[in-house]
Protein chains: 2
Amino acid sequence: MDNPFVRKMERHVRLGPEDRATLDGLARQHVRHVAARQDIEGQHSNPYHAHLILDGWACRYKQLPDGRRAIVALLLPGDLCDPFAFRRVRIDHAIGALTPVTVARITPDQIGDAIRDRPMVEECLWRELLATTAIHREWIASVGRRSAIERLAHLFCELHLRLSRVGLADGATVPMPVTQPDLADALGQTSVHINRTLKELRTSGLVTLRGRLLTIRDLDGLMERGLFDPTYLQLA
Amino acid sequence: MDNPFVRKMERHVRLGPEDRATLDGLARQHVRHVAARQDIEGQHSNPYHAHLILDGWACRYKQLPDGRRAIVALLLPGDLCDPFAFRRVRIDHAIGALTPVTVARITPDQIGDAIRDRPMVEECLWRELLATTAIHREWIASVGRRSAIERLAHLFCELHLRLSRVGLADGATVPMPVTQPDLADALGQTSVHINRTLKELRTSGLVTLRGRLLTIRDLDGLMERGLFDPTYLQLA
DNA sequence: CGGACAACTTAACACAGGTTGGCGCGCGTT
DNA sequence: AACGCGCGCCAACCTGTGTTAAGTTGTCCG
């Protein structure tokens, strides 16, 4: 009854009770807990099943040979870690838990069966894939052409929207359980500079970040500061 | 007989003559020419058909409200511009020709028919989608965590490999028909700094770039300089 | 052949963001 | 209670890259 993937999808497509039951069933089996800072999938691993995040935050990251880490995606509850798992490809990056994480393991066969029984499931997976790709593009644009403060503002807008869709936003307040070094690796900067930028967003009255909770004081202002155009996420 | 998409796919999957004929047929109809600096699809447009690049280079780009441009992908001969076209989504970016470009327009119906007749076509499309996604991730890591010279070296390695796959590399020499401002927008830098970095790559004997032709003098050295690990493109 | 315009190239200067280092707090461990 | 340690926070300094501007080359077209 509490599947974040279903909550997300219901915003976009009309799900019948059987669709919901099918999607729910996928996420009930093989539930696993992963400690913070632990890998869910290692770099160059060859996953035979997909993971759906039920709780906690994870990230897709690449480690450069000299230790630099680039986080290329943030994975929130309701997100699918390995949308291509059924193709049995060797992945070129790792998936790591940023906080303690609860995931459901889903086998390719289960996905195949679900799609055959309920065509709407395929529709949902396509939407998921599209949204992920759109976010990738937006991140490239961000890291490439936005300034430090624009990047951070943009990310906060994105996360606010994504968390809202799975019912994890309490009004303008959303959980933000990641460390500043994590944010730095996601935005292509240093934790020191993240700290500076955060302070600037705070003193200009746009956000407050305390105790792993982000409160957006002025959403319009934040969106403007981050040149945020929400259409890329909506897919409607 | 000269379809770059087929040339690319044959590296990875075994195509029968009918597969080849089907893929070839897709690219024979509705061939269109687009001038350099012209859009193939505008930002926020709603493409009803996919485009396959037959000749020339294009890019996927986002324009920020104040005019900054971020190139989020380079599209080479054999690349598909709108792999999601059959989903009828409104795209969040534009596709522009960097050089004069020849494209084949493909309708969703044609793709559907082709997949139904020849299952291998679907396999090919999946591979294409996977490769594109892997490149996206690599670009995020590049812009986020690689230095200017590493980024440029990495891009040259990537392009060399991608162009080789469609038979457009003459040994260590590949066409490089884009301007330095274009490279700058793709790598998140300024054309001035691209110029500096290019000079550095030249003086260290790694590449020469003359008359829209890039020659790689020392591929191993270039790969090392760019922290380039080719596995992400192979998908085998 | 010559003019126009875009792209390339270089130099001087400016600044955003990186680096280093230090302090304090909160929390888990013993 | 004491310790360790990762994280938040801040300041001083440094550097890679951006900015501006100007001269040079290349290329297209009349």
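These numbers were taken from a predicted model, which means no experiment stands behind them. Numbered from 1 within each chain, the chains take letters A, B, ... in sequence-line order.
Regarding B/Ile194, its CD1 atom lies at a distance of 13 Å from the P atom of D/dT19, rounded to whole Å. In this structure, A/Arg146 atom CZ and D/dG18 atom C1' are separated by 19 Å, rounded to whole Å. For B/Leu183 and C/dA7, the CG to P distance is 12 Å, given to the nearest whole Å. B/His193 places its NE2 atom 17 Å from the P atom of C/dA16, with the value rounded to the nearest Å. Following rounding to the nearest Å, B/Leu198 (CG) and C/dT10 (C1') show an atom-to-atom distance of 14 Å. Atom CG of A/Leu209 is separated from atom P of D/dG8 by 9 Å (rounded to the nearest Å). If you take CZ of A/Arg37 and P of C/dC27, they are 16 Å apart, rounded to a whole angstrom. The CD-C1' distance, from B/Gln180 to D/dG26, rounds to 13 Å in whole Å.
In this model, a side-chain donor or acceptor of B/Arg196 finds a partner on the base of D/dG18 within 3.5 Å.
At C/dT9, one or more side-chain N or O atoms of B/Asn195 fall inside 4.0 Å of OP1 or OP2 (strictly under the cut-off). An OP1 or OP2 oxygen of D/dG8 is reached within less than 4.0 angstrom by no side-chain nitrogen or oxygen of A/Arg202. For A/Lys199 and D/dC9, the shortest distance from a side-chain N or O to OP1 or OP2 is not below 4.0 Å.
Contact between B/Gly42 and B/Ile91 at its shortest, heavy atoms only, is O-CD1, 4.0 Å.
For A/Arg212, taking side-chain heavy atoms from C-beta onward, the closest of the listed nucleotides D/dG8, C/dG17, C/dT19 is D/dG8. Minimum atom distance to the side chain of B/Ala148 is reached by D/dT17, of the listed D/dT19, C/dG21, D/dT17. In the set C/dA7, D/dG8, D/dT19, D/dG8 carries the atom at the smallest distance from any side-chain atom of A/Thr179. The side chain of A/Val192 sits closest to C/dT20 out of C/dT20, C/dG18, D/dG8. The nucleotide whose nearest atom lies closest to any side-chain atom of A/Gln189 is, among D/dG18, C/dC8, C/dG18, C/dG18.
The side-chain heavy atoms of B/Val89 and A/Leu130, taken from C-beta on, include a pair separated by under 4.5 Å.
In this structure, B/Gly188 reaches the sugar-phosphate backbone alone: every heavy-atom distance under 4.0 Å involves primed, P, OP1 or OP2 atoms, never a base. Among the atoms of the strands shown, none is found under 4.0 Å from any heavy atom of A/Ser191.
A/His51 pairs by the ring pair (Phe, Tyr, Trp, His ring centres under 6.0 Å) definition with A/His49, not counting sequence neighbours.
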Inset, instruction - Apply the test side-chain contact (heavy atoms from CB on, under 4.5 Å) to residues A/Leu206 and A/Ile216: give CA-CA distance (whole Å), side-chain angles for both, the deciding distance (0.1 Å), then the verdict. - result: CA-CA 6 Å; A/Leu206 293 173; A/Ile216 299 178; over 6 Å; no
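Checking side-chain atoms of B/Arg151 against main-chain N and O of B/Leu187 turns up a donor-acceptor pair under 3.5 Å.
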